[in-house]
**Q** 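First the structure, then my questions, so here it is.
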Amino acid sequence: MESKMGELPLDINIQEPRWDQSTFLGRARHFFTVTDPRNLLLSAAQLETSRNIVQNYRAGVVTPGITEDQLWRAKYVYDSAFHPDTGEKVVLIGRMSAQVPMNMTITGCMLTFYRKTPTVVFWQWVNQSFNAIVNYSNRSGDTPITVRQLGTAYVSATTGAVATALGLKSLTKHLPPLVGRFVPFAAVAAANCINIPLMRQRELQVGIPVADEAGQRLGYSVTAAKQGIFQVVISRICMAIPAMAIPPLIMDTLEKKDFLKRRPWLGAPLQVGLVGFCLVFATPLCCALFPQKSSINVSKLEPELRAQIHEQNPSVEVVYYNKGL
C-alpha cells in the first residue's frame with residue numbers, strides 16, 4: 001500500500017525497536033526510552049492518541065502530518081503502557097517507566113531501616129508486593145493466570161524474601177555494621193529467584209509463544225519460558241547491585257562525619273537520592289543485557305514442538321519469543 005505525497009512511507013518497521021537490538025548499545029538506547037519515568041506523567045488521552053497512531057499505522061493508515069520521529073515517539077509511549085502480547089493497559093506501578101521512582105523509594109527505605117525486625121519485614125513485604133505486580137504486568141505471552149495461582153506465588157515469594165532477610169539479619173549480629181547494610185541486597189537477590197518464576201509459573205507449565213522471524217506463531221515452548229525467566233532473574237539481580245551496594249558504602253562513610261551526625265534526618269532522603277541516581281542507569285542497562293525478543297535454536301526445543309515445526313516449516317532453524325522483563 002502506498003502513502004500519499006508528503007506522508008510517511010508505510011515500510012517503517014515499528015513492530016521492532018528503533019535501534020539495532022543485536023547490539024548492547026542499541027538495546028540500551030531502547031530501554032533508556034522504555035524506562036523513562038516521564039512516561040508516567042502522560043494522560044489517558046495521550047496514551048490513547050499514541051495507541052491510535054501505532055495501530056492505524058500498522059493497519060496501513062498514516063496519521064496526517066505525522067513525522068517519523070513522532071511515529072517512533074508514539075510507538076514508545078504505546079509500548080510503555082500496553083502489554084506487548086495482550087494489548088491490555090498495564091497498571092501504572094507495573095510499567096517499566098515506574099521502575100526507577102518505585103524502586104528508588106522502596107530500596108532507599110530498605111537500606112535505611114534495616115536494623116529493626118518490624119521495619120525489615122514491612123519493607124520486604126512492600127518490595128515483594130511491588131515485584132509481584134511488575135512480574136505479572138511484564139510476563140511473556142497472553143496465557144491467563146488464575147487468581148489462586150497469583151495468590152500462591154505472591155505469598156510464597158513474600159515469605160521467602162522476609163525469611164531470607166530475617167535469617168541473614170540474625171547471622172550478622174556479631175559481624176561489622178557495614179555487613180548488616182548488605183542484608184537487604186542478599187534478601188532481594190534471593191527473592192527475585194523465587195518471585196519471578198512463581199509469578200510466571202503459568203509459562204513454566206504451558207510454555208510461551210514462539211514464532212518465526214516474520215512473527216508467525218509456531219507453538220508454545222516451556223524450554224523457551226525457562227530460558228527467558230532465567231535471563232530476567234539475572235537482569236533483575238544485576239539491576240539491584242549498584243543501587244544496593246554503592247549507597248551503603250557511601251552512607252557508612254557519611255554517617256561517621258559530623259555533618260550527618262548533626263542532621264540525622266538527612267540520612268533517609270540522601271540514601272533514597274543515591275539509590276535513585278544508581279537506578280536511572282542500572283535499570284535500562286541491565287534490561288539491555290539480553291534482547292527482549294530472544295531466540296532459541298529449534299534443536300533445543302521440546303521433541304514434540306521440534307517435530308511439529310520441522311513438519312510445517314522445515315526451513316526454520318531459529319525461533320523467537322518475548323522473554324518478558
**Q** What pair of heavy atoms forms the shortest contact from Asn322 to Ile208, and how long is it?
**A** O-CD1, 4.1 Å
**Q** Using the side chain to side chain contact (heavy atoms under 4.5 Å, CB included) criterion, which residues pair with Pro101? Sequence neighbours excluded.
**A**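 Pro101 satisfies side chain to side chain contact (heavy atoms under 4.5 Å, CB included) with Pro37, Leu40 only.
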**Q** If a pair satisfies ring-ring contact (aromatic ring centres under 6.0 Å, His included) and one of its residues is in residues 14-51, list it, with sequence neighbours excluded.
**A** Trp19-Tyr76, His30-Tyr76
**Q** Using the salt bridge (Lys or Arg N to Asp or Glu O under 4.0 Å) criterion, which residues pair with Asp36? Sequence neighbours excluded.
**A**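 By the salt bridge (Lys or Arg N to Asp or Glu O under 4.0 Å) rule, Asp36 matches Arg38.
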**Q** With a 6.0 Å cut-off (strictly less than), is the heavy-atom count around CZ of Phe230, excluding the residue itself, greater than 12?
**A** no
**Q** Can you check whether Arg236 reaches Val233 side chain to side chain, under 4.5 Å on heavy atoms?
**A** no
**Q** List in chain and number order the residues that pass side chain to side chain contact (heavy atoms under 4.5 Å, CB included) with Leu270, two or more places apart in sequence or in another chain; answer none if no residue qualifies.
**A** Met251, Leu254, Leu260
**Q** Do side-chain atoms of Arg306 reach the backbone of Leu301 as a donor and acceptor pair under 3.5 angstrom?
**A** yes
**Q** Mind checking what makes ring-ring contact (aromatic ring centres under 6.0 Å, His included) contact with Tyr154, not counting sequence neighbours?
**A** none
**Q** For Gln308 and Leu218, which heavy atoms make the closest approach, and how far apart are they?
**A** NE2-O, 3.0 Å
**Q** Is there a side-chain contact between Phe130 and Ile106 in this structure, where contact means two heavy atoms from C-beta onward sitting under 4.5 Å apart?
**A**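 Yes; the side chains approach each other to less than 4.5 Å.
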**Q** Side chains of His310 and Val298: does their closest heavy-atom pair fall under 4.5 Å?
**A** yes
**Q** Test of understanding: with side chain to side chain contact (heavy atoms under 4.5 Å, CB included), list the residues that count as partners of Ser299, not counting sequence neighbours.
**A**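 If we apply the side chain to side chain contact (heavy atoms under 4.5 Å, CB included) test to Ser299, skipping adjacent residues, the hits are Asn297.
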**Q** For Val54, what residues pass the side chain to side chain contact (heavy atoms under 4.5 Å, CB included) criterion, not counting sequence neighbours?
**A** Ile14, Arg58, Ala74, Lys75, Tyr78
**Q** Which residues pass the salt bridge (Lys or Arg N to Asp or Glu O under 4.0 Å) test with Arg148, sequence neighbours left out?
**A** none
**Q** How would you list all residue pairs meeting salt bridge (charged side-chain N to carboxylate O under 4.0 Å, His left out) that involve residues 44-55, not counting sequence neighbours?
**A**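 Sorted pair list: Glu48-Arg51.
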**Q** Might you point out which heavy atoms bring Tyr220 and Leu305 nearest each other, and give the distance in Å?
**A** O-CD2, 3.5 Å
**Q** Can you find a pair of side-chain heavy atoms, one from Tyr321 and one from Ile296, that are under 4.5 Å apart?
**A**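 Tyr321 vs Ile296: side chains touch.
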**Q** Between side-chain atoms of residues 274-290 and protein atoms elsewhere (two or more places apart, or another chain), which donor-acceptor pairs fall under 3.5 Å?
**A**
from   : atom 1 : to     : atom 2 : distance (Å)
Thr283 : OG1    : Leu279 : O      : 2.9

**Q** Does one side chain, of Gln46 or Ser43, offer a donor that lies under 3.5 Å from an acceptor on the other?
**A** yes
**Q** When rounded to the nearest 0.5 angstrom, what distance separates OH in Tyr57 from OG1 in Thr63?
**A** 10.5 Å
**Q** Could you tell me whether Asp69 and Arg18 have a side-chain N and a carboxylate O separated by less than 4.0 Å?
**A** yes
**Q** Measuring from atom CD1 of Ile241 to atom CD1 of Ile246, what distance do you get when rounded to the nearest 0.5 angstrom?
**A** 10.0 Å
**Q** With sequence neighbours left out, write down each residue that passes salt bridge (Lys or Arg N to Asp or Glu O under 4.0 Å) with Glu16, or none if nothing qualifies.
**A**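 Testing Glu16 for salt bridge (Lys or Arg N to Asp or Glu O under 4.0 Å), a comparison that skips the adjacent residues, returns Lys293.
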**Q** Within the 3.5 Å criterion, strictly below it, is a donor on Glu302 or Ser221 matched to an acceptor on the partner's side chain?
**A**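 Ser221 and Glu302 do have a side-chain donor-acceptor pair below 3.5 Å.
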**Q** State yes or no: do Val34 and Leu92 share one hydrophobic cluster built from I, L, V, M, F, W and Y residues joined by side-chain heavy-atom distances below 4.5 Å, directly or via other members?
**A** no
**Q** May I ask you to check whether Gln99 and Asn103 show a side-chain donor-acceptor distance below 3.5 Å?
**A** yes
**Q** Without hydrogens or angle criteria, can the side chains of Gln227 and Ser294 be said to hold a donor-acceptor pair below 3.5 Å?
**A**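 Gln227 vs Ser294: no donor-acceptor pair found between side chains.
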**Q** Residues in salt bridge (Lys or Arg N to Asp or Glu O under 4.0 Å) with Arg27, at least two apart?
**A** none
**Q** Roughly how far, to the nearest 0.5 Å, is the CG atom of Leu204 from the CD1 atom of Ile229?
**A**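 Here the rounded value is 4.0 Å.
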**Q** I need the minimum non-hydrogen distance between Ala81 and Leu47, along with the two atoms involved.
**A**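 Taking every non-hydrogen atom into account, CB-CD2, 3.8 Å.
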